[in-house]
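Report on the structure given below.
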Amino acid sequence: MGKSFFAVVFLALAIKSTAFATPLGPQPFIAGQWVKSWLLCGPIPLKFWNDPVKAWGHIQGFTDDYLLSLGGEANLKVKDGALVKLKKQTLKWASYSTPDSIVDLRKILSRESPLCAYAYTEVIADEDKVWTVAMGTNDGCRLWVNNLLVWDYKVKRPVLPDEDLIPVVLKKGTNKILLKVEQHGNAWGYCFRFLPFKPSQLTAKGDLFTVTSNEKGETRLASSLSDLVLSQLINNLKLTVVNDREKTVLEEKRITDYLKSFQLDAGAFKPFTAKIEYELSSGEKFSQQTHFTVGKRVEYSLFSNGKTNYRISVNPQASESEQWAAKELQHWLKEISKVDFEIQNFDPTYRGAQIVIGYNATMAKQANLAFPEEADETYRYCNIGENIYISGGKQRGTMYGVLSFLENELGCRWYTPSFSSIPTRDALNFTWYSHSEGPGIRVRNDFYYEAFDPTWAAHNKVNGAMGYRVQPGGVESYWNVHTFFQLMPPAELFAKHPEYYSYIEGKRVADQAQLCLSNSAVLAMMIDRIKKRMRESPEYLIYDVSQNDWHNPCQCDNCLHIANQYGGESGILIWFVNQVADAVKQEFPTKYIGTLSYQYTRKPPVNIKPKDNVVVRFCSIECCFSHDFKSCKENKTFLADLEGWSSLAPHLYIWDYVVNFNHYQMPYPNFSVLQPNIQTFRDNHTIGIMEQAAYQSRGGEFAELRSYLISKLLWNPDCNADAVINDFMSGYYGRSGKIIRKYFDQLQGLVTKDVHIHCLSTEEKHFTDAFIHSCLEIFAQAELVADNPEILRHVEMASVPILYLKCKQTPALAKADGTYAKFCKITEREKITHYSESGEPHRLSFHRAIEEQKP
Ligand SMILES: [Zn+2]
Ligand SMILES: [Zn+2]
């Protein structure tokens with residue numbers, strides 16, 4: 001503790017001369033030592049409230065100022081023996097010195113309740129400085145320092161030394177301290193001392209500042225500390241207020257008047273966030289964030305007990321997907337509420353409550369939104385008064401807004417094409433909606449069999465496809481791959497123009513070869529033919545101009561010369577594709593020319609960059625997938641090539657692999673890499689990601705969960721993946737979900753530093769008999785608690801990988817103990833046709849291996 005800075009001025013005299021007869025002279029007080037000499041005045045009778053709500057505050061009468069005859073609580077002039085006249089009695093201030101730390105008011109003044117009393121003392125400080133009052137009171141209290149109310153505590157409590165740590169400013173010379181303590185019953189008293197001020201105590205019990213706002217938008221910082229104390233404590237403060245769209249609406253530096261009020265727009269009830277950064281006079285810096293709301297809080301009822309006042313309004317010029325979305329909203333709202341919401345054309349004169357689908361001038365003006373680009377997938381939903389507005393780009397933005405509204409605000413989940421979770425409810429009240437989101441990855445291609453269902457894909461914002469399919473909102477599709485010969489077939493051209501094809505070992509060849517990319521006639525023809533393709537099939541986003549699926553690039557002098565100039569075969573390919581891209585740019589400003597970085601073009605080029613409208617499709621087939629790209633030494637060269645291309649190519653398109661293609665049904669512990677790898681692609685400026693998975697039939701290991709999770713990760717690579725998994729576990733597997741999560745964790749837990757897995761793997765040694773046994777037990781439990789036959793089927797599907805593994809590893813046992821029969825029952829029932837990418841031959845040999853086992 002510090003040195004002495006205080007001296008109590010009073011000569012304390014005994015209140016009741018019989019009990020405390022020893023007079024005390026002026027004595028120095030040391031920081032950390034209890035202040036023991038006081039003038040006391042009490043007891044003042046109070047009354048308990050009858051209203052239980054008011055009982056949370058001070059006792060009735062506590063806040064009355066009983067000292068008006070002496071100048072009042074905030075301007076007290078008092079001496080020992082001064083009188084205070086109450087209605088029925090007169091009290092006399094009397095000095096008192098406590099023998100220990102606690103001033104026991106019950107012993108000194110009264111054993112009755114409810115009551116309150118005053119305690120007054122004066123201390124001398126030798127400089128202007130911030131000190132900490134360390135105090136405990138039983139029960140509530142108020143504290144004035146130099147006539148300023150600095151503390152107000154309302155609740156019943158025992159005396160705990162140093163419970164309140166209150167920074168106060170003591171000025172040089174005499175300082176007045178007035179304490180008022182109330183008595184609910186039982187013990188009554190306080191203890192009081194000064195401690196050196198420590199900045200850490202400012203934030204030890206929460207934030208220093210709160211923000212309050214009224215319905216008119218008048219807003220102020222509030223603090224348990226007074227402005228005077230703050231002005232001594234703080235050098236400067238920066239206040240930044242952002243609205244719900246993360247737009248800064250106020251930025252202010254303050255060096256005084258820290259609690260001054262400011263005005264915010266209170267047009268509608270909405271939330272704000274205040275960031276408060278402040279520097280103490282000691283130089284220490286603190287910062288805090290506080291959420292608060294502004295405006296009048298009104299509750300609106302979207303529906304209640306089978307009725308609604310709302311209708312769904314759609315712009316007459318709405319796109320197809322916006323109209324589809326309106327019907328979706330109507331359909332799912334009916335499932336949820338049993339209420340019919342009628343759909344009408346938007347009518348600017350309509351005054352009733354409505355959910356407005358699509359861009360709308362009223363909402364745009366209020367939310368300060370520009371008219372969105374048609375292809376802009378960013379959506380926003382919000383309410384202005386009772387009306388709810390949902391909008392985004394016409395192609396898919398509005399549709400995603402409607403679906404996200406259903407997902408976020410009403411709890412709808414579309415887990416698989418055949419299983420959704422739609423919570424029903426009798427009523428829905430809301431105060432405020434405001435949410436906006438855009439895609440993390442522009443083209444999201446979830447290449448799972450489960451994800452090809454167009455409605456499921458639309459629900460879960462999967463917008464990418466290999467090839468083309470009809471889907472609400474359309475798809476961003478990739479036309480083809482390995483297209484050199486598809487566009488310039490040797491059968492058509494080689495006889496007349498052998499010089500169009502690869503020059504290999506002294507002659508032009510077409511068989512298993514490529515094009516002579518340095519030949520200007522090849523370039524001209526390629527431009528011509530890809531333009532024709534683009535005109536005939538305008539539905540694609542990316543048109544492929546890429547090498548055939550073999551080696552043999554042209555080795556003629558001109559080609560070699562260009563390749564050498566640009567760092568190898570990827571260099572001449574990009575040189576060629578760039579010219580194609582330049583040639584189509586004017587006619588197709590929103591389209592891309594795609595090419596491959598694959599096999600002999602895998603290494604990034606030098607001295608050349610792919611043009612803005614060129615997409616480089618880059619694949620991860622050789623990577624380790626139990627560890628993410630950044631953490632496994634096996635993935636080092638892949639990551640280097642990815643980063644190399646990323647620094648060159650404005651648009652990368654990833655072909656990534658998320659299952660075991662040799663055994664779709666084998667447990668595959670890669671869940672921990674899905675998110676970081678997608679984030680790595682995103683950070684490397686990926687225009688699209690295709691996550692190739694079990695695409696030929698249902699039944700891939702955790703296919704339902706993984707296809708769902710991937711759709712969420714591609715939309716928002718930073719989403720809370722674990723929360724998505726848990727939501728799926730409980731939504732799709734019901735009561736069994738928690739148990740299946742155990743299996744899931746056990747499986748992912750097999751990955752150690754040394755367990756590497758690959759997408760063309762036959763590696764099984766990390767699956768021990770003990771592991772299989774333990775998993776089978778988990779599934780037995782999960783099946784036991786399944787909510788209903790449908791959920792039981794989900795649980796059985798999830799168990800297929802363990803059944804498959806047991807059949808493979810111990811076929812005789814699996815045949816004998818019924819494991820194989822169960823596997824067959826489930827795979828037949830669920831129509832699982834592919835156990836691997838190679839399909840039927842693998843499936844047949846799997847079954848043969850078990851059926852051949854002798855009983
Ligand atoms: Zn050539
Ligand atoms: Zn690895």
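In each ligand, atom 1 is the first atom listed, and ligand 1 is the first ligand listed. Keep in mind it's a predicted model, so treat the numbers as computed, not measured.
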Hey, what's the angle at the Zn ion (ligand 1) spanning SG (C516) and SG (C556), nearest 10 degrees?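 SG of C516 and SG of C556 make an angle of 110° at the Zn ion (ligand 1), to the nearest 10°.
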Criterion salt bridge (charged side-chain N to carboxylate O under 4.0 Å, His left out) on D612 and K585, from CA distance to verdict: CA-CA 10 Å; D612 243 0; K585 192 174 181 172; 5.4 Å; no
For a quick check under 3.5 Å, do R533 and N480 share a side-chain donor-acceptor pair by atom type?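 Absent: no donor and acceptor within the cut-off.
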Distance flag, aromatic centroids of H842 and H834, threshold under 6.0 Å: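 No, ring centres 6.0 Å or more apart.
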Given ND1 of H756 on one side and SG of C624 on the other, what angle do they make at the Zn ion (ligand 2), to 10°?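 It rounds to 110°.
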Vertex the Zn ion (ligand 2): angle to ND1 of H627 and SG of C632, to 10°?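 Vertex at the Zn ion (ligand 2): approximately 110°.
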For Y478, is the NZ or CZ atom of R617 found under 6.0 angstrom from the centre of its six-membered ring and inside 45 degrees of the ring axis?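 Yes, R617 and Y478 form such a contact.
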